[in-house]
Protein chains: 4
Amino acid sequence: MKKTARELQKEQTKALLLKTAYNVFSEKGIMNTRVSDIAQAAGVSHGTIFVHFRSQEAMIEEVVAVYGQKIALRTHTLAQSCGHLSELLRAHLHGIMEFEPFYTRLVIENRLLPTGAKDSIIAIQSAISFHFSQAVQRELKSSQSDGIPSYLLFNMWMGLVHYYLANGDLFAPEGHVIRRYGGTLIQSFMKLLTAKEEK
Amino acid sequence: MKKTARELQKEQTKALLLKTAYNVFSEKGIMNTRVSDIAQAAGVSHGTIFVHFRSQEAMIEEVVAVYGQKIALRTHTLAQSCGHLSELLRAHLHGIMEFEPFYTRLVIENRLLPTGAKDSIIAIQSAISFHFSQAVQRELKSSQSDGIPSYLLFNMWMGLVHYYLANGDLFAPEGHVIRRYGGTLIQSFMKLLTAKEEK
Amino acid sequence: MKKTARELQKEQTKALLLKTAYNVFSEKGIMNTRVSDIAQAAGVSHGTIFVHFRSQEAMIEEVVAVYGQKIALRTHTLAQSCGHLSELLRAHLHGIMEFEPFYTRLVIENRLLPTGAKDSIIAIQSAISFHFSQAVQRELKSSQSDGIPSYLLFNMWMGLVHYYLANGDLFAPEGHVIRRYGGTLIQSFMKLLTAKEEK
Amino acid sequence: MKKTARELQKEQTKALLLKTAYNVFSEKGIMNTRVSDIAQAAGVSHGTIFVHFRSQEAMIEEVVAVYGQKIALRTHTLAQSCGHLSELLRAHLHGIMEFEPFYTRLVIENRLLPTGAKDSIIAIQSAISFHFSQAVQRELKSSQSDGIPSYLLFNMWMGLVHYYLANGDLFAPEGHVIRRYGGTLIQSFMKLLTAKEEK
DNA sequence: CATGAATGAGATTTCATTCAT
DNA sequence: CATGAATGAAATCTCATTCAT
């Protein structure tokens, strides 16, 4: 019973640390954040971090894993109810928007993150990739013949979105790239795809 | 005359350092490279770096500036003789390919580089952007009416290319992303554009 | 309560560092001492210094501030009970003697110390200056008319003492300048002053 | 003959270096000046310094020796024609004034200078010390009985002057301590001495 | 003799990690 | 479990000195 109280406390602290790390990462970047920054922001001591995480690297991996899953799940949920491809794209951007600062950090620092974080990032992409492929196949059936394989269309879309996020400092210095350009991106991307259909 | 001998030596050493830095950066990444890594790779002493560069940051900026200009110029040159948009894209990828490992690092670490390095990166993009816009306007005149503005098409293309480069570890672990996927990228991108024309 | 144990330890370490720095400074000089000298002398690791002081400069300033205040206070205390000027001078030298090696370093390196340290040095001088002026006014009232302003007498006395300290390597290679010459200095200085009175 | 030309050149360069070092030392301080500062100010290359001086330390010692001797000689010359002690003091200050910035550096950095420099500084003091003792003995014959030994009066005078020079940043931030306070110092010092005589 | 490129021994400072309390 | 003092391995940058030209 006593144990449970302790465990509860531990879980609470860990949750706090994960949430705080997420916030600090969103603001300062992941690799630029020191362990002590998170401790301070969470109002706990320096050493507490290492009670809950084996190392800084492990912490980053876990934060990315947890929030990556959150993002993936949310994206999945939003995508579920989408009939049309353009709706899906909107859902996708909507999902990103809810986590934009953090997601942008993942995009920017992607290759510099600890190895374990990569899987989480891939998982996020898979979440939308699945729905994307389905929607494309449903919608652009005819185009499959002459066609651009759907995974390439997906990469194009992802590339476009990430390009805007990664260069957000130029495109939208105030920080809300998706809010500002999301509509345009969807519209243009859809126009490109559907042009094929109209011929 | 005597002076020239001395100056020559200095220029040679600086050139050596720039080239070595370029190589090491290409391999280990830019921000992950320590000053002493470059010194060691160049076979000079630690302090020599600081004879030629005011600081590590200044060195990074200069390396990026020098090779950025090289890339921009090469791109520009290759693009000059391109009539067709697809030729231009081929020229673009060709230009990148010659510097692929380094260029990939620029893409990956973009936002984490010293301020001065950003301008160089932008300059590279401008080199291809100009030719791209012209080719699009020449080729897809009709599409301008309904159309997707050419800068958005450009961003789409850049996004696509950068997406492949940034995820090169997944797409082509051996390291030659462009060689492996370049053709496909051009083909698909062109198909998307020209579909509109065919209608 | 638990906290106190921790805080106590920290305070102890800091006190140890301050005392050690004071000792090392006294022996090697202030600006000639490296951070690691103090760490080694204190038997702590290099990095510990920076747990307790923001920077080397801050450390120097704090050591000078703490011991400067000690010196000033001690001087003040000793001076309080002095009726006669000669007693005051004796008290002054007595105060200096207790801190002679360190005080000598302050005199020697005065102008080369961090800005913040200067105030501390001035504060020490003020401690004696006040009592000095009072004693002079009390004792040499008549001389004020023809007179040498008391601040000049003070500067003369300080100059004399500092001259002996600064050239201690010549006057007293064994290191105890005041012990050896203090009496003479007071005697002579008093003789000069009182001669005026006797006329 | 050819050799002579070379030697001439060498001597000229060395003279230039000595003079330049003197100037730079006067302005920046002695121990704060880097070898390259002097080279730059002299318009010669970095390495030239080491053609003429075995090491930085040797250079400092030589500069101090040369200009120390100049100061001593000048002081001696000025002192020669002085009948009265007050004239001597005036001559002393006059001599210092001609070299004030450099002399002040000697006073401030005295104990931090290379060992060899100390002798030069002592020599300067001897130059005035000799004349001082003589004047005192001539003038204050009677006082010798009850008396303050003349070397102590000398130290008092030197202490007073050095105290003003060393604290020049407080007394005369514009830099001309002697010009501003010299008269007062002489007057007061003389008053103290002569008071004894008048009794 | 003069040059100045190259050297490399330090010195300060940061920060992830450990561990006694 | 939480704490935070202590650790020490880096990493950057400075500058006196050397030496080939």
Side-chain angles (χ1 to χ4, degrees), chain A residues 2-3 5-14 33-37 39 44-57 59, chain B residues 1-14 33-37 39 43-59, chain C residues 1-14 33-37 39 42-57 59, chain D residues 2-3 5-14 33-37 39 44-57 59:
Chain A
K2 250 183 192 173
K3 246 192 170 181
R6 258 205 174 182
E7 278 172 3
L8 191 68
Q9 159 79 0
K10 184 164 186 180
E11 276 166 30
Q12 277 180 353
T13 302
K14 179 146 190 180
T33 295
R34 293 167 308 201
V35 170
S36 61
D37 290 332
V44 303
S45 96
H46 198 103
T48 301
I49 303 282
F50 293 92
V51 173
H52 295 273
F53 305 96
R54 199 173 57 264
S55 67
Q56 187 186 37
E57 191 174 303
M59 180 196 63
Chain B
M1 290 301 117
K2 251 183 192 171
K3 246 192 167 180
T4 307
R6 243 4 192 305
E7 282 172 9
L8 195 68
Q9 185 186 348
K10 182 161 190 179
E11 277 167 26
Q12 276 179 354
T13 301
K14 179 145 193 181
T33 296
R34 299 176 310 237
V35 169
S36 62
D37 291 333
V44 301
S45 94
H46 193 103
T48 301
I49 302 284
F50 294 94
V51 172
H52 294 273
F53 305 96
R54 203 173 50 264
S55 66
Q56 188 187 36
E57 188 174 308
M59 181 195 64
Chain C
M1 291 301 116
K2 251 182 192 171
K3 247 190 166 181
T4 308
R6 243 4 191 306
E7 282 171 10
L8 195 67
Q9 186 186 349
K10 184 163 190 179
E11 276 167 29
Q12 275 179 354
T13 302
K14 180 145 191 180
T33 296
R34 299 174 312 236
V35 168
S36 61
D37 291 333
V44 302
S45 96
H46 194 104
T48 300
I49 302 284
F50 293 94
V51 172
H52 295 272
F53 304 97
R54 202 174 54 264
S55 67
Q56 188 188 37
E57 190 173 308
M59 181 195 64
Chain D
K2 250 184 192 170
K3 244 192 170 180
R6 259 205 172 181
E7 280 173 1
L8 192 67
Q9 160 78 2
K10 184 164 186 179
E11 278 168 27
Q12 277 179 353
T13 303
K14 179 145 191 181
T33 295
R34 294 167 307 202
V35 169
S36 61
D37 290 333
V44 303
S45 94
H46 198 103
T48 301
I49 303 282
F50 293 91
V51 173
H52 296 274
F53 305 97
R54 200 173 58 264
S55 67
Q56 187 186 37
E57 190 174 304
M59 180 196 64

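When reading the values below, keep in mind they use all heavy atoms of this one structure, side chains included, and skip hydrogens, waters and symmetry mates. Labels below follow one simple rule: chain letters A, B, ... track the order of the sequence lines, proteins then strands, and each chain is numbered from 1.
Distances from the side chain of D:R34 to the nucleotides F:dA16, E:dT3, F:dA2 place F:dA16 closest. The side chain of C:S45 lies closest to F:dT7 when the candidates are E:dT3, F:dT7, F:dA2. Of all nucleotides listed (E:dT12, F:dA16, E:dA2), F:dA16 comes nearest to the side chain of D:V35. Side chain of B:H52, nearest nucleotide from E:dA6, F:dT12, F:dA2: E:dA6. Distances were taken from every side-chain heavy atom of C:S55 (C-beta onward) to each of E:dC1, F:dT3, E:dT13; the shortest belongs to E:dT13. The side chain of A:F50 approaches E:dA16 more closely than any other nucleotide in the set F:dT17, E:dA16, E:dA2. When the nucleotides F:dT17, F:dA5, F:dT3 are ranked by their closest atom to the side chain of D:Q56, F:dT17 comes out on top. Here the nucleotide nearest the side chain of C:H46, chosen from F:dC13, E:dT17, E:dT13, is E:dT13.
With DNA chain F read from its 5' end, the first of the two nearest nucleotides for B:R54 and C:T48 is the one closest to C:T48. Between B:G43 and C:G47, it is B:G43 whose nearest contact on DNA chain E lies nearer the 5' terminus. Mapping B:K10 and C:S36 onto DNA chain E by nearest heavy atom places B:K10 closer to the 5' end of the strand.
To the nearest angstrom, C1' of E:dT12 lies 13 Å from CG of C:D37. Straight-line distance from the CD atom of A:E57 to the P atom of E:dC15: 18 Å, rounded to whole Å. In this structure, CD1 of A:I49 is placed 15 Å from P of E:dC15, rounded to the nearest angstrom. The separation between B:F53 atom CZ and E:dA5 atom P is 13 Å, rounded to whole Å. Distance, C:M59 CE to E:dA11 P: 14 Å, rounded to whole Å.
When every heavy atom of B:H46 is checked against every heavy atom of B:S36, the shortest pair comes out as ND1-CB, 3.7 Å. Summarising the geometry of B:Q56 relative to B:T33, their closest heavy-atom pair is NE2-O, 3.5 Å, with the distance given to 0.1 Å.
Listed by chain and residue number, nothing satisfies the salt bridge (charged side-chain N to carboxylate O under 4.0 Å, His left out) test with C:K10 (two or more places apart in sequence, or in another chain).
In this structure, CD in C:E11 is found 11.0 Å from CD in C:Q9, a value given to the nearest 0.5 Å. Taking NE2 of C:H52 as the start and OG1 of C:T13 as the end, the distance is 4.5 Å to the nearest 0.5 Å.
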Legend entry - Paired and unpaired positions of DNA chain F as dot-bracket, Watson-Crick or G-U wobble under 3.5 Å, | denoting a partner strand: .||||||||||||||||||||

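Using a 4.5 Å cut-off on side-chain heavy atoms (C-beta onward), B:F53 and B:K14 make contact.
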